[in-house]
Amino acid sequence: MLKIKNLLSADDLKKEDLLEIINLAEDIIKSPDNFSNLCNGKILGTLFFEPSTRTRLSFEAAMNRLGGKVIGFSDANVSSSQKGESLKDTINTVSQYADIIAMRHPHEGAAILASESADCPIINAGDGGHQHPTQTLTDILTIHLYKKRFTNMTIGICGDLKYGRTVHSLLKVMSLFDGNNYVLISPDELRLPDYVKKQVLDTHNMKYVEVQNLDEQIQNLDILYMTRIQKERFFSMSKYTRLKDSYILDNEKLSNAKEDLAILHPLPRVNEISVEVDNDPRALYFKQVKCGMYVRMALILKLLEANND
Ligand code: NCD
């Protein structure tokens with residue numbers, strides 16, 4: 001049984017809880033039919049105050065595959081927040097209808113605030129540039145399925161390390177495992193924030209280097225986690241335009257990479273991975289999407305169980 005009642009941040013995930021969720025997701029992958037009725041009569045609320053296709057549909061598919069039902073909205077403009085309703089009141093209302101809520105919000109800390117007024121478990125599906133813990137569960141499940149381990153790897157993380165919330169959550173969860181080297185690849189302006197370096201990398205003695213050049217590092221990597229430059233978080237569009245094509249992974253760059261490199265990307269992709277790479281067996285990002293659905297099935301089951309206690 002999980003010790004947590006909500007999933008608000010990657011900080012919430014202790015190793016035991018994490019492995020419990022990953023093990024269940026792997027059981028679901030092996031025999032999905034055994035899980036297809038477990039949420040009969042349950043309702044998931046998906047409250048997306050910020051646009052999302054993948055994550056919202058992933059949650060909806062997960063609940064449907066568990067036999068449950070889904071209510072919610074995919075755009076803040078169609079919710080009463082347009083009329084001035086507070087987040088607290090929206091959450092309080094929806095938690096009277098739903099058994100569990102997945103929410104995305106542009107403001108950092110919104111999920112934590114929501115959990116204080118909700119009558120049901122809350123899952124943070126992304127809060128501003130802060131955290132995205134269910135993407136991290138997705139990433140971790142993919143790593144475990146394809147690399148069979150969480151340790152002794154050189155992990156490259158490339159792109160927008162400043163605003164990329166998936167990167168912040170992934171590093172936090174990887175801090176639970178020893179023996180990895182991290183290569184943080186970004187333009188100078190988009191380096192990992194100091195608070196993440198201090199609170200995560202330094203606190204857990206994680207070995208890392210910060211570099212700007214992907215080509216010089218690619219041959220050392222076991223995992224390459226590519227990310228999108230987060231256009232919506234830039235104040236200056238000219239800065240975004242200058243940085244947006246900083247890294248483009250293509251077949252030529254990959255010719256120097258290890259044969260068993262795992263290429264991950266939380267998606268959506270813009271230009272940072274050329275489509276020619278999609279046919280390379282090392283490209284796992286669409287398999288990762290499927291892992292996301294299975295791990296969300298596992299998370300929903302585990303949180304409902306923990307809240308029934
Ligand atoms: C990520 C996000 O929303 O932070 N996408 C996702 O949830 N799959 C990454 C991104 O938007 O670049």
Honestly, is Arg296 close enough over Phe59, meaning NZ or CZ under 6.0 Å from the six-membered ring centre and within 45° of the axis?
yes
Is it true that Glu305 and Lys5 have a side-chain N and a carboxylate O under 4.0 angstrom from each other?
no
Between Glu60 and Arg56, is there a salt bridge with N-O shorter than 4.0 Å?
yes
Charged N-O contact under 4.0 Å between Arg233 and Glu50
yes
Ring-ring centroid check Tyr225 His265, cutoff 6.0 Å:
no
Check this for me, if you would: do Lys239 and Glu189 make a salt bridge, where the nitrogen-to-carboxylate-oxygen distance has to be below 4.0 angstrom?
no
Please test Asn271 against Tyr247 for side-chain hydrogen bond (donor to acceptor under 3.5 Å, both in side chains), starting from the C-alpha separation and ending with a verdict.
CA-CA 8 Å; Asn271 282 331; Tyr247 302 100; over 6 Å; no
Kindly state whether the ring of Tyr182 and the ring of Tyr208 have centres lying under 6.0 angstrom apart.
no
CG (Asp178) with more than 12 external heavy atoms under 6.0 Å
no
Test: Asp260 and Arg282 ion pair at under 4.0 Å:
no
Less than 4.0 Å between a side-chain N and a carboxylate O, is that true for Lys197 and Glu210?
yes
Regarding Arg269 and Asp278, does a basic nitrogen lie under 4.0 Å from an acidic carboxylate oxygen?
yes
Would you check if the side chain of Ser115 reaches a backbone N or O of Ile112 as a donor-acceptor pair within less than 3.5 Å?
yes
Measure the spacing between CG of Leu264 and NZ of Lys287 and express it to the nearest 0.5 Å.
11.5 Å
